[in-house]
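Contents: one structure, followed by commentary.
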Amino acid sequence: MAKEQPRSQARFIKTRTLAATLLSVLTLVACNSSAGKNQYILAERLFNDRKYEAAVSEFQKIIDADPRGLIAQQALFRIAVIQYLYLDNYSESVKNFRKFVVVSQNQDLVYQAEKSIGEIYFTKLEDYRMATEQYKKLLEKYPQSKERDFFTLRLAKGYYSTLDFVQAIKYYRQVFSEFPKSPLAPEALYQIGNTYYTKGDIDLAIDAFEDVLQFHPDSPQAIFAQFGIGNCYEEKNKPDEALEIYSKIIEKHPSKNVVEAKIRRLKERKARAH
């Protein structure tokens, strides 16, 4: 099965999305001439010195001094980000992101906060029920988002992880039907086959894996789809067909040893049968 890279996703958020949003935060703070400004600068210095707990403490003082202030809102966002990316305090991060969503009028930062909540539930807390709720909310609230294909794929994977295979297949198909040119479309097609295979619907799994080969033959998922078809033939007690597929992909599959083990086991099985 082709697996997602949760660390890469976190790195993407850290280097691309949050870099832009933090610049927005600092710009807003610079426009406020209150006593909290100097304290905010102190908190950022502590953060830059990698004193993350101390930075959170200073940001919290800003909030305690003026809970309704604009700088306090930005401090709340910064606390949530630090707890998420640097302190691994995921539950508290979600709480603070949620508070920020309620109080802030900065829609760009609210969007980033709500995306981060989904990311934390999915990749960090592995609370897939809450993750599916969050991604449904993102799809409903941001119909014009350029990341709808990603949110839909995450929604499908969340349902898969809660063993709701019917809903998972529904949303995997939605990725392919609504975003056929998305780089995520091959993954969605592959996961349809993988979900059917997990359900035990072997013939439907083969059909779905063959869709990957038809629509995205040059994608990385094509090799995994062929491997999946081989697994299906094994389930259907067709070792010759499975062997033929494994022999074709052995040099291309990223886990060559796994394919070799499959071939060896099937050959041993055939030898015993004779």
Side-chain angles (χ1 to χ4, degrees), residues 1-9 122-123 126 128-129 131-132 149-150 152-180 182-274:
M1 173 178 173
K3 294 186 177 179
E4 197 172 6
Q5 302 291 330
R7 291 183 181 177
S8 296
Q9 275 302 335
F122 192 92
T123 63
E126 297 183 351
Y128 299 112
R129 184 183 65 81
T132 55
D149 55 343
F150 175 73
T152 307
L153 185 69
R154 274 292 178 81
L155 182 55
K157 290 189 174 186
Y159 278 121
Y160 177 88
S161 298
T162 60
L163 306 183
D164 189 340
F165 299 135
V166 173
Q167 287 293 96
I169 290 170
K170 170 186 172 181
Y171 286 103
Y172 283 134
R173 289 196 185 283
Q174 188 170 315
V175 174
F176 181 68
S177 62
E178 292 190 11
F179 314 101
S182 166
L184 301 179
E187 172 70 4
L189 275 183
Y190 168 77
Q191 291 298 346
I192 292 171
N194 182 63
T195 306
Y196 276 129
Y197 180 81
T198 303
K199 286 179 81 235
D201 295 334
I202 303 304
D203 290 331
L204 291 174
I206 292 174
D207 290 342
F209 287 137
E210 288 179 344
D211 283 343
V212 179
L213 303 180
Q214 177 182 350
F215 293 104
H216 299 282
D218 299 321
S219 68
Q221 286 77 17
I223 293 297
F224 292 104
Q226 291 177 77
F227 184 79
I229 293 172
N231 283 333
C232 290
Y233 281 136
E234 285 195 68
E235 292 289 330
K236 290 171 69 68
N237 196 27
K238 294 184 176 182
D240 292 333
E241 289 87 341
L243 269 173
E244 182 180 357
I245 289 177
Y246 294 146
S247 298
K248 287 180 179 179
I249 67 171
I250 187 170
E251 298 300 330
K252 299 178 182 179
H253 198 282
S255 298
K256 183 178 178 180
N257 60 322
V258 174
V259 184
E260 287 175 336
K262 287 271 193 181
I263 293 173
R264 184 168 58 251
R265 188 173 66 250
L266 283 171
K267 287 182 176 179
E268 292 171 353
R269 175 181 165 188
K270 288 185 66 177
R272 288 195 301 270
H274 290 88

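FYI, the numbering just counts along the sequence from 1. No experiment lies behind these values; they were computed from the predicted model shown.
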Side-chain donor-acceptor pair present, Y160, T198, cut-off under 3.5 Å: yes
Inter-residue atom distance L184.CG - Q191.CD, 0.5 Å rounding: 11.5 Å
If you take all heavy atoms of S255 and H253, which pair is closest and at what distance? N-ND1, 3.0 Å
Taken to the nearest 0.5 Å, the spacing of E235 CD from D203 CG works out to 11.5 Å
With heavy-atom distances below 4.5 Å as the criterion, would you say the side chains of I206 and K236 are in contact? yes
Is any side-chain heavy atom of E187 closer than 4.5 Å to one of L153? yes
Pairwise distance OH(Y172) to CG(N194) - rounded to 0.5 angstrom: 7.5 Å
Can you name the nearest heavy-atom pair linking A205 to G193, along with the distance? CB-O, 3.5 Å
Compare all side-chain heavy atoms of S182 with those of F150 and state whether any distance is below 4.5 angstrom. no
With distance as the sole test, does Y246 use its side chain to make a donor-acceptor pair with the main-chain N or O of N231 at under 3.5 Å? yes
Taking the six-membered ring for Trp, are F176 and F215 ring centroids under 6.0 Å apart? yes
Can you name the closest pair of heavy atoms from V212 and P186 and give their distance? CG2-O, 4.4 Å
Please examine the side chains of E260 and I250, heavy atoms only from C-beta on, and report whether any two atoms are closer than 4.5 Å. yes
Please round to the nearest 0.5 Å and tell me the distance separating atom CD of E210 and atom CD of Q226. 10.5 Å
A168 to T195 - nearest heavy-atom pair and separation: CB-CG2, 4.5 Å
Less than 4.5 Å apart, side chain to side chain, heavy atoms only: is that true for K199 and I169? yes
Whether K262 and E234 form a salt bridge (side-chain N of Lys/Arg under 4.0 Å from carboxylate O of Asp/Glu) is what I want to check. yes
Does some side-chain heavy atom of Q221 sit less than 4.5 Å from a side-chain heavy atom of L189? no
So, taking the atom named OG1 in T132 and the one named OH in Y159, what distance separates them when rounded to the nearest 0.5 Å? 5.0 Å
Given I229 and L213, is the side-chain contact (heavy atoms from CB on, under 4.5 Å) satisfied, shown in steps? CA-CA 11 Å; I229 293 172; L213 303 180; 3.9 Å; yes
For T123 and R154, what are the C-alpha separation, side-chain angles and deciding distance, and is it a side-chain contact (heavy atoms from CB on, under 4.5 Å)? CA-CA 10 Å; T123 63; R154 274 292 178 81; 3.6 Å; yes
How would you list, by chain and number, every residue that makes a ring pair (Phe, Tyr, Trp, His ring centres under 6.0 Å) with Y128, sequence neighbours excluded? F122
Applying side-chain contact (heavy atoms from CB on, under 4.5 Å) to E251 and not counting sequence neighbours gives K256
Rounded to the nearest 0.5 Å, how far apart are CG of D207 and CD1 of I192? 11.5 Å
Got a sec, which residues hit salt bridge (charged side-chain N to carboxylate O under 4.0 Å, His left out) with K238, two or more places apart in sequence or on another chain? none
Passing option when F209 is tested against Y197, Y190, Y196, F227 for ring pair (Phe, Tyr, Trp, His ring centres under 6.0 Å): Y190
